[in-house]
Amino acid sequence: MARDDDLTKHRTTRTTSELVEQGLIAPDQRSDIERVAQQFAIAITPSVLETIATRDSEGGVARQYVPSAAENTITPDELDDPIGDLAYTPVKGIIHRYPDRVLLNAIQTCAVYCRFCFRREQVGPSAKSLNAEELHAALDYIGKHDAVWEVILSGGDPLMMPPKKLAYIATTLAEMKHVKVLRLHTRVPAAAPERITTELIEALRILTPTYVAIHVNHPDELTADVTAACARLADAGIPLLGQTVLLKNINDRADVLERLFRRLIEIRIRPYYLHVGDKARGTSHFRTGVAAGQKIMQQLRGNVSGLCQPTLVLDIPGGHGKVPVGPCYTEQAADGFLVTDVNGNRHTYRED
Ligand code: SF4
């Protein structure tokens, strides 16, 4: 069916009927996708639809957002809470896993719903965000924990909050002497760049430094509008980080990630983490395994600037935290280390 250009321009695609109208799924896929939609939210913004229509020659953007029947396959090792957030939730909206930082999840909605999301059980348009009382209690918890040096706004997508609410949170945190750093993890600059307004940027400048970690997985996501939105943030003095999930048939090739990381650096976003896919329900078709990630990182090392090298990390299922998972270039030897260079040759490094 022909694309409805009017819909494309103005409305976020949320239903299976709209997916069919947009030509994103075939009519005979509809019943399978209805089953997906009963469990997991769907949203594709006009900006992402435009990207899919105009520059997604490899399908690396569409596969991140367009639901597929594969999501109905739940493997035995997949979990509702794959990284064990619940065990570290002392009050609603707070995840306090590490001593010096807390996650504040004030909102559970997103501009888009990524098909591989590790919080897909919690997020969605009908998911309840913190009400005023709950937000007050969460901020109060942070205020009472002097060891908290950094607050990370995640979600849901924190940049879906109205700028005034974001400003209120930032102002409250800035008044806490022990909170020195604010960080936001967001998909908005890549999926709804028009939301990066002057008012929103002002809210992000209340607590200095506020770092913004932008979730991008494929170089084709970095359109002119996305790049301009990131430039507005960078020009305002907001340090930008990139976070990327390693995804099968989307970016699990060294050449794709090289293009992505180079472009991120060119637009002033420092690649920070490359995540091994979490075991969220219905996402096995996206997972590559750790070894694939190590191999790609090995291919990038030596060929690509160090600025373009994020850390490959795994969130250990069960809530045991996030750790780097290589590749490892050293091996203990009797008098020091055996060190492997970028060509695979091993060298002895003696320690006296
Ligand atoms: S924007 Fe983030 S929280 Fe929202 S669906 Fe995508 S990965 Fe999940």
Side-chain angles (χ1 to χ4, degrees), residues 12-14 36-37 39-49 51-52 60-68 71 78-86 89 93 95 103-130 152-161 166 183-196 200 211-218 221-222 226 229-230 240-248 250-251 260 269 272-283 285-287 310 313-315 322:
T12 292
T13 297
R14 296 184 185 277
V36 174
Q39 297 196 70
F40 306 116
I42 297 167
I44 308 175
T45 55
S47 170
V48 170
L49 280 178
T51 305
I52 291 171
V61 181
R63 283 194 285 278
Q64 296 183 50
Y65 301 108
V66 178
S68 78
E71 292 175 54
E78 290 180 337
L79 302 164
D80 284 1
D81 179 20
I83 68 167
D85 284 343
L86 277 179
T89 301
I95 300 169
L103 237 73
L104 170 56
N105 288 344
I107 184 167
Q108 298 291 20
T109 52
C110 302
V112 282
Y113 293 103
C114 313
R115 307 322 305 163
F116 47 85
C117 175
F118 69 109
R119 293 215 176 95
R120 61 193 328 220
E121 311 283 342
Q122 281 87 47
V123 298
S126 54
K128 287 225 168 14
S129 300
L130 297 190
I152 302 163
L153 295 187
S154 186
D157 196 313
L159 292 191
M160 291 299 284
M161 281 191 275
L166 204 53
R183 188 189 343 155
L184 291 91
H185 282 250
T186 178
R187 202 62 157 132
V188 160
E194 71 283 356
R195 293 186 73 95
I196 307 299
L200 184 126
Y211 284 74
V212 174
I214 301 173
H215 179 171
V216 192
N217 301 316
H218 193 281
E221 290 180 85
L222 298 172
V226 171
C230 295
L240 303 179
L241 303 169
Q243 65 163 356
T244 298
V245 184
L246 185 61
L247 297 165
K248 193 187 280 183
I250 292 174
N251 63 10
L260 173 64
I269 302 173
Y272 175 46
Y273 280 148
L274 175 62
H275 295 265
V276 173
D278 295 308
K279 294 191 174 180
R281 291 195 314 129
T283 63
H285 55 298
F286 287 116
R287 287 196 293 277
V313 291
L314 171 74
D315 248 304
K322 191 186 285 114

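Each ligand, and each atom within it, is numbered from 1 in the order the structure gives.
The backbone N or O of His215 sits less than 3.5 Å from a side-chain atom of Arg187, completing a donor-acceptor pair. The closest donor-acceptor contact from the side chain of Asp157 to the backbone of Val188 lies under 3.5 Å.
Applying the salt bridge (charged side-chain N to carboxylate O under 4.0 Å, His left out) test between Glu78 and each of Arg281, Arg287, Lys279 identifies Arg287 as the sole match.
Counting only distances under 2.8 Å, and ignoring water, the protein N, O or S atoms around atom 6 (Fe) of ligand 1 are Cys114 SG.
Interatomic distance, Asp80 CG to Leu86 CG, rounded to the nearest 0.5 Å: 9.0 Å. We find the CG-CZ distance between Asp315 and Phe118 to be 7.0 Å, quoted to the nearest 0.5 Å.
In this structure, a donor-acceptor pair under 3.5 Å is absent between the side chains of Gln39 and Glu71.
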